[in-house]
Asks: 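Quick one: structure below, then a few questions.
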Amino acid sequence: DVQPSFPDLDGYIEKNLGYCPGEICFEGTVWVCCMIAENGCAIDPYVSREAGPEEIKLLVYKFIHQMPAWKPGQVAGRAVKTIVYLPLRF
């Protein structure tokens, strides 16, 4: 079995999250759960209610939906849907 992967995920998050301190008063880590589909697309993101202001949640959903394709997870050599958890630091 192979887990999904995204090259330089930390660098991608840092460069593309689009959060500007001062716009929204929030500091902390938001955990987002999403599915990596067989084609590598990140789909069905979920952020818990305790994640912070609604603006942060909307920013996280937008970020996930705009991500380029991942290398999908595999089972027995076939691509499969896989759940991933990402910590997004603000």
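Please read these numbers as outputs of a predicted model, since none were measured by experiment. Keep in mind that the numbers below use all heavy atoms, side chains included, and drop hydrogens, waters and symmetry copies.
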Asks: Counting only heavy atoms not in Glu55 (residues, nucleotides, ligands), do more than 12 fall under 6.0 Å from its CD?
Replies: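 Check passes, neighbour count above 12.
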Asks: Check Val80 against Thr82 and note the closest heavy-atom contact, atom names and distance.
Replies: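 Here Val80 and Thr82 meet closest at O-OG1, 3.3 Å.
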Asks: Kindly give the heavy-atom pair with the smallest separation between Pro72 and Ala37, and that separation in Å.
Replies: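 Minimum heavy-atom separation between Pro72 and Ala37: CB-O, 3.6 Å.
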Asks: side-chain contact (heavy atoms from CB on, under 4.5 Å) for Phe90 and Val60? Distances and angles first, verdict last.
Replies: CA-CA 11 Å; Phe90 293 90; Val60 168; 3.9 Å; yes
Asks: When you compare the side chain of Pro7 with that of Tyr12, does any pair of heavy atoms fall below 4.5 Å?
Replies: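 No, every pair of side-chain atoms sits at 4.5 Å or beyond.
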Asks: Are Leu88 and Val47 packed together at the side-chain level, in the sense that at least one heavy-atom pair is separated by less than 4.5 angstrom?
Replies: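 No. Closest side-chain heavy atoms not under 4.5 Å.
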Asks: Treating Ile, Leu, Val, Met, Phe, Trp and Tyr as nodes and any side-chain heavy-atom pair under 4.5 angstrom as an edge, say whether Ile43 and Val84 lie in one connected cluster.
Replies: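 In one cluster with Ile43: Val84, no.
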Asks: Do Val32 and Ile56 sit in one hydrophobic cluster, given that two such residues count as connected whenever their side-chain heavy atoms are within less than 4.5 Å of each other, even indirectly?
Replies: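 Yes, one cluster joins them.
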Asks: Quick check for you: to the nearest 0.5 Å, what is the distance between Cys41 atom SG and Trp70 atom CH2?
Replies: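 Interatomic distance, Cys41 SG to Trp70 CH2, rounded to 0.5 Å: 12.0 Å.
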Asks: For residues Met67 and Ile36, determine if any side-chain heavy atom of one lies less than 4.5 Å from a side-chain heavy atom of the other.
Replies: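 SC-SC contact between Met67 and Ile36 ruled out.
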Asks: Residues in ring-ring contact (aromatic ring centres under 6.0 Å, His included) with Tyr61, at least two apart?
Replies: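 Expected list: none.
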Asks: Going by side-chain contact (heavy atoms from CB on, under 4.5 Å), name the residues that satisfy it together with Gln74, two or more places apart in sequence or in a different chain.
Replies: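 Gln74: side-chain contact (heavy atoms from CB on, under 4.5 Å) contacts with Val2.
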Asks: Output yes when a side-chain donor or acceptor of Ser5 lies under 3.5 Å from a complementary backbone atom of Gln3, and no otherwise.
Replies: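 No, the answer is negative, given that no donor and acceptor are paired below the 3.5 Å cut-off.
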Asks: Are Tyr85 and Ile64 joined in one hydrophobic group, where the rule is that I, L, V, M, F, W and Y side chains link up if heavy atoms are under 4.5 Å apart?
Replies: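 No; Ile64 is not reachable from Tyr85 via cluster members.
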